Amino acid sequence: MNKTYISDAGRFEGQDVTVNGWLYNKRSSGKLWFLLVRDGTGLIQAVVSKADVPEESFAACERATQESSLSVSGRIAPDKRAPGGYELQVKSVVLHQTALDYPITPKEHGTPFLMDNRHLWLRSSRQTAILRIRHEIIRAIRDFFDSNGFTLVDAPVFTPAACEGTTTLFETQYFDEKAFLTQSGQLYMEAAAMALGKVYCFGPTFRAEKSKTRRHLTEFWMVEPEVAYADLDDDMALAENFLSAVVGRVLETRKEELKTLERDTAPLEKITPPFPRISYDEAAKMLKEKGVAFEYGTDLGGTDETVISEAFEKPVMVHRYPAEVKAFYMKNDPSDPSKALCVDVLAPEGIGEVIGGGQREDDLETLLAKIKKHGLPEQAFDWYLDLRKYGSVPHSGFGLGIERTVGWICGLPHVRETIPFPRMLNRLKP
RNA sequence: UGGGGCGUAGCAUAGCUGGCAAUGCGCCUGGCUGUUAACCAGGAUACCGAAGGUUCGAGUCCUUCCGCCCCAGCCA
C-alpha cells in the first residue's frame with residue numbers, strides 16, 4: 001500500500017494509502033471512532049467503523065491516547081464534514097507506542113508550563129505554523145542575498161573581545177585564556193567585505209543582557225550584510241528592498257500558516273519600497289508634537305519607537321542619531337559631526353526595531369580616537385584597525401534580528417515563540 | 001536592577017468579611033454508527049509555592065524567602 005503525507009492526500013482520492021503519524025485528538029460514537037491524525041504536514045480525520053476493520057484495529061483505537069504514534073490505512077475520500085476536506089476511511093490501525101499522560105491537552109495552558117514542555121509544545125498546530133514561517137523567512141533571506149551578488153561568509157562564535165563594549169558578553173574559558181561568545185559578526189564582515197565586496201553572515205549571537213522584555217533573548221539569530229563602497233543611502237535602499245522581499249515571500253508561500261495564526265495580512269501587503277525616512281531630529285520633533293516626554297540627545301526608548309512606528313503603515317527608517325549614544329564604529333555625518341551615519345528600521349504595528357545599521361568609520365585616526373574614547377582595549381582591535389590601513393573604503397551594513405522579524409510577520413506578542421528552543425534570562429531548559 | 005501583578009489536583013481557574021477546598025479539561029469505568037476542543041452517566045486525584053507569626057480556627061490576615069508573569073532600562 002502507498003505511503004502518503006497528509007498534505008498530499010488529495011492526490012490519492014479514491015485510493016488506499018497508509019498515513020504514519022501521531023494521534024492529535026479522538027472522538028467516539030459507539031461503534032465508530034474519529035481519529036484526528038497529524039504527521040507534520042497536516043491533519044486528517046480517520047474514520048474507523050467497527051464493521052469494517054479487524055477486531056484488533058478497533059481495540060487499538062480504544063487504547064490510543066493523545067500523541068500515541070500510529071499508522072492508519074484506508075481509502076482517501078472527500079468529505080465536507082472532515083477538517084481539511086478529505087477523510088481516511090480506515091481499513092486497519094497499527095498502534096506503535098502508547099503515549100501515557102501527555103501533558104499538553106487541547107485546552108488552555110499558561111506560558112511557563114508550555115515553555116517547560118517546549119519539546120512537546122512544538123507539535124501543536126500554531127507552533128508548527130510559526131516554525132514553517134521562520135524557515136521560509138530564513139530561506140527568503142538567503143535567496144535575496146544569494147541572488148544579489150552577496151557571498152555568505154561565516155563569522156566565528158568564539159571572539160577575543162567585545163564588538164560593542166557597552167553590552168554584556170557571555171564569558172567562557174578558552175584553554176588558558178578567556179573568550180566571549182559573539183554578540184555580532186559585523187567586524188568580521190567588514191574584513192570580508194574588503195575581500196569580496198558584498199558579503200553577509202547568518203548565525204546565532206549571544207547577549208548577557210538581563211532584560212526581561214517581549215523582544216529579548218540571550219541567544220538569537222542575526223543576518224548581517226556588509227557592502228564595500230556603500231554609503232548610508234545605499235544601506236537604507238538595501239534594507240528596504242531586502243525587508244520587502246522577505247515579507248513578500250512569506251505572503252506568497254505561507255498563506256495557510258498565516259491563517260492558522262489568525263494573522264491579518266493587510267498590514268503586510270503594504271510592505272513595499274520605498275520606506276519613509278526620517279532623521280533623529282525629525283523623530284524628536286514628532287515625539288514632542290505628540291506630547292511624549294522625551295529628552296533630546298538620548299536614544300529612542302521602546303515606547304518612543306512604538307509611537308513613531310505607529311504613525312506609519314510601512315517600516316520607518318530613523319537615521320542620524322546623536323553619535324554619543326551609538327557604537328564606536330559608526331561614522332560621523334560630515335555635515336553635522338554630532339550625528340552618526342546610522343539607521344534603525346522600526347517595523348510597523350508598534351513592533352519597533354528590527355534592523356540596526358549604518359555607515360562605518362573608515363578613517364584610521366578617527367576610529368582609533370573613538371576606541372580610546374569608549375574605553376575599549378586597543379590591542380584587541382589591532383586586526384580591525386588594519387582594515388583602515390590597507391585600502392580603507394567607505395562601507396556600510398546592518399543587522400536584522402530573525403526572531404523579531406518572525407514575531408512581526410507572524411503577529412506574535414513575544415519573541416519566545418519565534419525560535420524552537422528559546423534562551424532567556426530565566427530559561428536554559430529544555 | 002527598579003515599578004506592578006500572580007503562585008490552589010497533571011493542566012486552566014473559582015474560592016466573598018478567616019469556619020467541611022469547588023468547577024472545567026485530562027485520566028479511570030460504562031453508554032452512543034457522523035463526531036467537529038463531541039456528548040451523556042459515574043469515579044479517582046490537593047502538604048492551597050516555602051518557612052515563621054496572629055487566631056479557638058488560616059488557601060484567605062502579617063513577616064521573610066523562593067519562583068513566575070507584565071512594564072521600564074539595555075538592544076536586534
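In what follows, every heavy atom counts, from backbone to side chain, and hydrogens, waters and symmetry copies are set aside. In what follows, chains are A, B, ... by sequence order, proteins preceding strands, each numbered from 1. Quick caveat, the model's predicted, so the values are computed rather than measured.
Residue-level contact check: A:E403 touches neither bases nor backbone, having no heavy atom under 4.0 Å from any strand. Across all strands shown, A:T213 has heavy atoms under 4.0 Å from base atoms, whether or not it also approaches the sugar-phosphate. Nucleic acid contact class of A:K50 (heavy atoms, under 4.0 Å, all strands): none. Within the 4.0 angstrom heavy-atom criterion, no nucleotide atom of any strand lies near A:G352. When heavy atoms are screened at a 4.0 angstrom cut-off, A:I355 is found touching the sugar-phosphate backbone but no base atom. Residue contacts for A:E87: at a heavy-atom cut-off of 4.0 Å it reaches a base atom on one of the strands shown.
Comparing the C1' positions of B:rG10 and B:rU45 gives a spacing of 9 Å, expressed to the nearest Å. Comparing B:rG7 with B:rG49, their P atoms sit 8 Å apart, to the nearest whole Å. Comparing the P positions of B:rC28 and B:rG34 gives a spacing of 24 Å, expressed to the nearest Å. Comparing B:rC16 with B:rU54, their P atoms are spaced 24 Å from each other, to the whole Å. B:rU63 and B:rA76 are spaced 43 Å apart, taking the C1' atom of each and rounding to whole Å. For B:rC40 and B:rU23, the P atoms lie 15 Å apart once the distance is rounded to whole Å. B:rG57 and B:rG4: their P atoms are spaced 33 Å apart (whole Å). Using atom P as the reference point in both B:rA72 and B:rC25, the two lie 38 Å apart (nearest Å).
For the pair A:K80 NZ and B:rG34 P, the interatomic distance rounds to 19 Å; values are reported in whole Å. Put simply, CG on A:D116 is 13 Å from C1' on B:rC69, counting in whole angstrom units. Here the P atom of nucleotide B:rC75 and the CD atom of A:Q186 are 14 Å apart, to the nearest Å. Nucleotide B:rC75 holds its C1' atom 14 Å from the CG atom of A:L400, rounded to whole Å. Taking atom CD of A:Q89 as the reference point, atom P of B:rU35 lies 16 Å away to the nearest angstrom. One can place CD1 of A:I409 at 15 Å from C1' of B:rA76, the figure rounded to the nearest angstrom. A:Y321 has its OH atom 14 Å from the C1' atom of B:rC74, to the nearest Å. Rounded to an integer number of Å, the gap from CD of A:E224 to C1' of B:rA76 is 9 Å.
With 3.5 Å as the limit, one finds a donor-acceptor pair spanning the side chains of A:H109 and A:T105. For the 3.5 Å distance criterion, the side chains of A:S338 and A:D336 qualify, holding a donor opposite an acceptor. In this model, no donor atom of one side chain and acceptor atom of the other lie less than 3.5 Å apart for A:Q45 and A:R81. If you check the side chains of A:H395 and A:Q359, you find no donor sitting under 3.5 Å from an acceptor. A side-chain donor-acceptor contact under 3.5 Å links A:E417 and A:Q127.
Taking the ring axis of A:Y321 as reference, the NZ or CZ atom of A:K326 stays within 45° of it and closer than 6.0 Å to the ring centre.
At a non-hydrogen distance threshold of 4.0 Å, A:H414, A:R416 from residues 413-424 of chain A come into contact with RNA chain B.
Put simply, the side chain of A:K339 never gets that close to the backbone of A:N332: no donor and acceptor are under 3.5 Å apart. A donor-acceptor pair is defined here as one N or O able to donate and one able to accept, closer than 3.5 Å; no such pair exists between the side chain of A:E224 and the backbone of A:Y200. Looking at A:T41, its side chain does come within 3.5 Å of a backbone N or O of A:S7 through a donor-acceptor pair.
In this pair, A:F206 and A:F170 present their aromatic rings perpendicular. The plane angle is above 60°, beyond the 30 to 60° band. Aromatic ring orientation, A:F398 versus A:F242: tilted (interplanar angle from 30° to 60°).
With a 6.0 Å radius and a threshold of 12 heavy atoms from other residues, nucleotides or ligands, A:Y384 has its OH atom above the threshold.
Aromatic stacking of A:F34 on B:rG34: not satisfied for centres closer than 5.5 Å together with planes under 30 degrees.
Under the Watson-Crick or G-U wobble criterion, with both distances below 3.5 Å, B:rU63 is paired with B:rA51. If you check B:rC20 for Watson-Crick or wobble pairing at under 3.5 angstrom, you find it has no partner at all. Across all strands shown, B:rC75 forms no Watson-Crick or G-U wobble pair with both distances under 3.5 Å. Using the Watson-Crick or G-U wobble rule with both distances under 3.5 Å, B:rC68 pairs with B:rG5. For B:rC39, the paired base is B:rG31 (Watson-Crick or G-U wobble, both distances below 3.5 Å).
Taking 4.0 Å as the cut-off between side-chain N and carboxylate O, A:E136 and A:R142 do not count as a salt-bridged pair.
For the pair A:S49 and A:D304, nearest-nucleotide mapping onto RNA chain B gives the more 5' position to A:S49. Along RNA chain B, the nucleotide closest to A:L32 and the one closest to A:R27 are compared, and the more 5′ of them pairs with A:L32.
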- Starting from the C-alpha separation in whole Å, work towards a yes-or-no answer on side chain to side chain contact (heavy atoms under 4.5 Å, CB included) for A:W408 and A:L268. CA-CA 9 Å; A:W408 165 41; A:L268 297 177; 4.2 Å; yes
- Task: Begin from the C-alpha positions of A:I402 and A:I141 and carry the test side chain to side chain contact (heavy atoms under 4.5 Å, CB included) through to its verdict.
- Result: CA-CA 10 Å; A:I402 300 302; A:I141 287 169; 3.4 Å; yes
Under 3.5 Å, which N/O atoms of the protein pair with N/O atoms of nucleotides 5-12 of chain B?
{"from": "B:rC11", "atom 1": "O2'", "to": "A:E108", "atom 2": "O", "distance (Å)": "3.3"}
{"from": "B:rC11", "atom 1": "O2'", "to": "A:H109", "atom 2": "ND1", "distance (Å)": "2.3"}
{"from": "B:rA12", "atom 1": "OP1", "to": "A:G110", "atom 2": "N", "distance (Å)": "2.9"}
{"from": "B:rA12", "atom 1": "O4'", "to": "A:E108", "atom 2": "O", "distance (Å)": "3.3"}

Filtered N/O pairs between nucleotides 28-32 of chain B and protein, under 3.5 Å:
{"from": "B:rC32", "atom 1": "N3", "to": "A:G30", "atom 2": "N", "distance (Å)": "3.2"}
{"from": "B:rC32", "atom 1": "N4", "to": "A:S28", "atom 2": "OG", "distance (Å)": "2.8"}

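Candidate nucleotides B:rU1, B:rC75, B:rC74 were compared by shortest atom distance to the side chain of A:K212, and B:rU1 ranks first. Distance from the side chain of A:D299 is smallest for B:rC75 among the nucleotides B:rU1, B:rA76, B:rC75.
Close to B:rA72, at under 4.0 Å from its OP1 or OP2, lies no side-chain N or O of A:S211.
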